[in-house]
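Notes follow once the structure below has been shown.
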Amino acid sequence: MADTSEGPVLVPILGDQLTRDLASIRGRAKDDTVILMMEVWDEATYVKHHKQKIVLIFSAMRHFAEELRDAGWTVDYVKLDSEDNAGSFTGEVARAVEEHSPRAINVVEPGEWRVREAMDQWADKFPCEVEILRDDRFISTQAEFDDWAEDRKEMRMEYFYREMRRKTGLLMDGDKPEGGEWNYDSENRKPPKDGMTSPERPNFEPDDITQEVIELVEDRFGDHFGSLEKFRWPVTRDEAEEAADAFFAERIEHFGPYQDAMVCGEDDLYHSMLSTSINLGLLDPLELCRRAEQSYKDGKAPINSVEGFIRQIIGWREYVRRFYWHQMPHLQEANALNAQRGLPEFYWTGETDMRCLADSIRSTSDNAHAHHIQRLMVLGNFALLAGISPREVQDWYLVVYADAYEWVELPNVAAMILYADGGKLASKPYAASGNYINKMSNYCKGCTYSPSKKTGEGACPFNSLYWHFMNRHRERLKSNHRIGRIYSTWDRMGDEKQQEYLDSAEAFLDTLEPADPKWARMQQS
Ligand code: FAD
Ligand code: DLZ
Ligand code: SF4
């Protein structure tokens, strides 16, 4: 066993902790520290991540290791294809303990339950002290959230968000919200203008490091979902800052009003496209919010855009982080609506005549990204209405998006889109017919289906699926104050019309081909 009394401090840095301001290295002496960074098979394959997601994480890790070395740190970096790769975080830490004989391990808590369970074993496994530090890149603490949530039957983001506004002072006028309102969402629901396009975002060409990782990923993960052709994510802090500069210069003004708009073939619109960089640690979320607030103060962006952007970050992002840790591990098994249907194959191939879904899946494959309203009201709405099993939908979202980590993906999928938690997070299921998509996008104009046709051949499937969903969950939803009134419309239709809706939905559901399980998880041979 290694002698641990005199050695350095070993600091493992995980793939989504790529900042020099991390609690485990901030203020630490460089000559007394070995930083450990590990590309490991367990993480790369616990689901079969989109190829761009693996390239992004490995390339950003390799660039960050270089930045650390340039700044004088000692970095033990394990590449995926190194001969003695131990395959898991715990395996690699064991190897590093053997090699460096550290007197202590200091590590920042991981975002995910799976990894935390493994990390909690380290103190017993290794002959040195193990300290797991709070990830203070988040504004709230878990204790704060747990206190706030105690005794609440329903946890609503809006109230937690107000606490975060008070805590940060963002958009506050003394103890009142700037402009008089906490939330300007009512001004943020504009449909797209005809022919609407948005400014090009910066395109980061792969450098030698990224190119090497692209080759590795094509070689080892060639059968994973998605294309690498359009890989252009920022992989360093400098690139991420350039992407943020472009957002604040060119897109924040229109971010709010067009937040819910969708245009076929326009993948970015006025969204920031910064989630990958924020989640990796390349950008500081609070700093971005302060920049947004400054845009408002300088008269460069209206309050509804700035408040909307800040709410996504110190509201939703912060809230789902805490909700995840509050609700795990049962959140991953939750299935309040008893949804059992398999995920349709078209989620992987994009082969469907439903134009809104086909375009959202095309963007997902091309970019490892789709914007929020596509994830929520197209892809998510379909999964909810069709009654797809939460476990299959969770796997899909975790695989396909470059910004996906379970702590952010799972609350959004299980609780926000599928209502699988029975309404702890959302006050009602986000169920909508084709009418919503028609209002907020130009998808329906070129679609085989018609949003105004309710049932039968050529009718938009969302229309009959909507009523099929409402009918099958009547007992649960009829007393919901936000959605219950819809049942008087259903009752007024009469038996014949109702049956037409139900038959139409059943006929459509019968056409769905279940997905090949090979897409999401490694198959046992
Ligand atoms: P913008 O529209 O510019 O928003 C600004 C920032 O706000 C984002 O970068 C992100 O950091 C934050 N944000 C916005 N909405 C949310 C939200 N609901 N939850 C948490 N943070 C939010 N986001 C992820 O980062 N990873 C995921 O795995 C993920 N899965 C999602 C799954 C579903 C079903 C849904 C409905 C949403 C999911 N989101 C996820 C949230 C959101 O869709 C993405 O953060 C956003 O599309 C990223 O693009 P952007 O940076 O252009 O965001
Ligand atoms: C997502 C991911 C992947 C694909 N690979 C790695 C890896 O090889 N090494 C690493 O440190 N992190 C990786 N990650 C990100 C981790 O999954 C993420 O840091 C943890 O899940 C957080 O709990
Ligand atoms: Fe989607 Fe229906 Fe519109 Fe086609 S008609 S694009 S399926 S909402």
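Atoms within each ligand, like the ligands themselves, are counted from 1 in listed order. Values reported hereafter were calculated over all heavy atoms of this structure, with side chains retained and with hydrogens, waters and symmetry mates removed.
- When non-hydrogen atoms are compared, ligand 2 lies under 4.0 Å from the side chain of Val115 (C-beta onward) but not from its backbone.
- Within the coordination shell of atom 2 (Fe) of ligand 3, defined by N, O or S atoms under 2.8 Å, Cys356 is absent.
- If you look at Asn279 next to ligand 1, the close heavy atoms, those under 4.0 Å, all belong to the side chain.
- Residue contacts with ligand 1: Pro411 is excluded, as none of its non-hydrogen atoms falls under 4.0 Å.
- Within ligand 3, counting atoms from 1 as listed, the ones closer than 4.0 Å to a heavy atom of Met354 are 7 (S).
- Taking the ring centre of Tyr401 as origin, the terminal cationic atom of Arg375 falls inside the region bounded by 6.0 Å and 45° from the ring axis.
- For the residues Met377, Glu406, His372, the heavy atom positioned nearest atom 47 (O) of ligand 1 is part of His372.
- Evaluated by nearest non-hydrogen atom to atom 12 (N) of ligand 2, the leading choice among Ala118, Ala60, Gly15 is Gly15.
- Using a cut-off of 2.8 Å, one finds that Cys447 contributes an N/O/S atom close to atom 4 (Fe) of ligand 3.
- Within the cation-pi definition used here (under 6.0 Å to the ring centroid, within 45° of the axis), Lys300 does not qualify as a partner of Tyr296.
- Heavy atoms of Ile54 come nearer than 4.0 angstrom to ligand 2 in no pair at all.
- The closest approach between Arg116 and ligand 2 stays at or above 4.0 Å for every heavy atom of the residue.
- Between Ser272 and ligand 1, an N or O atom pair is found at a separation short of 3.5 Å.
- Taking every heavy atom of Phe255 and a limit of under 4.0 angstrom, the matching atoms of ligand 1 come to 1 (P), 2 (O), 3 (O).
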